[in-house]
Amino acid sequence: MKCHQIQNRLSAFQDGELNDREQEKISEHLEKCSACRKRYEEMEKIWQALGDFQEIQPEPAFYRQVIKKINESNKPRFRVGFRDLRWLFQLFSPSWATAALLIGGVLMGTFLGNTLAKKELLPFQQNRTYSQAAAEVFSLKAFDPVPPGTLGERYLRMASYGEGGHR
Amino acid sequence: MIDPLVEDEKLMEETAQGDEYAFELLVKRHQSRILNLIFRFIGNRTQAGDLAQEVFIRVWQAAPRYKPQAKFTTWIYRVATNLCLNELKSSSRRKLLFSEIPADAGRTPNEEGTVTPSAEDILLAEERSRQISHTLQNLPENQRMALILKRYDNLSYHEIANIMDCSVSSVESLLVRAKRNLQEKLIFFEK
């Protein structure tokens with residue numbers, strides 16, 4: 001190989017990208033040829049100098065900022081609360097963890113149900129006053145001359161409708 | 001708990017299913033190299049930080065579609081490289097180049113217990129770093145990226161070709177030209 005051919009491959013030689021045979025050929029040439037050796041040494045010097053480019057460190061909040069930007073974007077994928085339950089599936093096998101979640105859910109439901117019932121906070125309990133009052137008014141109508149829902153009441157309603165129609 | 005030694009491709013699978021912890025591991029594992037790749041290419045710390053965050057946002061967004069055909073590192077480098085090259089196409093951003101090597105470049109927080117260099121040494125090292133950055137910024141974009149991937153990330157020509165979406169011989173040619181350009185521009189580094 002001639003010098004200009006060697007010099008064209010010096011970069012790949014430096015980067016260790018040549019096959020063993022080429023690598024060896026160029027090594028041998030560099031031992032004999034001072035011009036090519038000088039060229040290679042300059043290349044090495046520059047390569048070493050590039051090592052002085054200092055690294056920077058990521059900000060401590062780098063990850064939090066990424067998550068913040070993700071959550072600010074349109075489609076946040078992370079579900080709040082999922083991570084809190086993950087330990088359960090890691091601690092137990094999936095079937096045991098599912099059973100534990102079900103039992104926990106039933107116990108929680110029973111407890112909450114009892115607590116809310118005691119404090120009369122359940123929806124049907126909140127409407128009780130109204131329901132009771134309505135039931136009382138309805139029951140008093142049983143003593144009317146024509147109680148609602150009877151044949152007499154229907155006859156009167158039809159009669160009054162007929163009168164209205166004649167007018 | 002996910003084993004911190006678990007491979008990136010597995011972490012991507014978990015991330016695709018919404019596992020925040022897997023994503024956190026991925027980010028923490030790669031944030032430094034991605035940040036420095038971009039910083040060396042762009043030469044501006046603030047902008048590098050923003051772009052590095054953008055890389056990880058794209059990783060998160062792409063996780064459900066990710067197919068481990070190549071190494072994860074090759075894939076994420078490609079995302080970062082494309083982002084850098086696209087960013088430079090914006091002429092307004094060009095003005096930010098050649099600007100900044102931060103005063104704290106190269107120093108890690110809490111470097112206790114290590115030999116403390118003198119103030120003069122630190123200044124000299126920073127000045128050298130600034131000069132190298134400036135010289136790199138003057139290389140054509142493709143040469144600069146190939147050189148950074150080879151010199152600082154020690155990737156093979158094949159990996160660089162995959163990242164830059166070109167042939168191995170193109171990578172070799174880019175590096176030959178980049179090194180020649182540097183030899184002309186970095187003469188002042190010869191001691």
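Heavy-atom basis, side chains included; hydrogens, waters and symmetry copies ignored. Throughout, a chain's letter reflects where its sequence line sits, starting with A, and its residues are numbered from 1.
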| request: Go through the atoms of Ala178(B) and report whether side chain, backbone, both or neither lie under 4.5 Å from a heavy atom of chain A. | output: neither

| Contact part of Leu136(B) toward chain A, heavy-atom cut-off under 4.5 Å: side chain, backbone, both or neither? | side chain

| query | Does one side chain, of Ser156(B) or Glu159(B), offer a donor that lies under 3.5 Å from an acceptor on the other? | reply | yes

| Residues forming a side chain to side chain contact (heavy atoms under 4.5 Å, CB included) with Glu24(A), sequence neighbours excluded | Glu28(A)

| remark: The interface call for Gln14(A) against chain B, heavy-atom contacts under 4.5 Å, is side chain

| Shared ILVMFWY cluster between Tyr152(B) and Leu149(B), side chains joined below 4.5 angstrom? | yes

| remark: Note: vs chain A, highest number of non-hydrogen pairs under 4.5 angstrom among Ser173(B), Gly49(B), Ser32(B), Ala48(B) is Ser32(B)

| query | Can we say Asp153(B) and Arg33(B) salt-bridge, meaning some charged N sits less than 4.0 Å from an Asp/Glu carboxylate O? | reply | no

| message | Are Phe23(B) and Phe56(B), when compared by the centres of their aromatic rings, separated by less than 6.0 Å? | response | no

| Gln48(A) CD to Met43(A) CE distance, which is reported to the nearest 0.5 Å | 13.5 Å

| query | Salt-bridged, Lys45(A) to Glu41(A), with N to O below 4.0 Å? | reply | no

| said: Salt bridge or not between Arg9(A) and Glu172(B)? Use side-chain N to carboxylate O under 4.0 Å. | reply: yes

| message | Just to be sure I understand the criterion: a residue of residues 66-84 of chain B counts if one of its heavy atoms is under 4.5 Å from a heavy atom of chain A. Which ones qualify? | response | none

| Part of Arg40(B) lying under 4.5 Å from any heavy atom of chain A | both

| request: Give, as side chain, backbone, both or neither, the part of Val27(B) having an atom under 4.5 angstrom from any heavy atom of chain A. | output: side chain

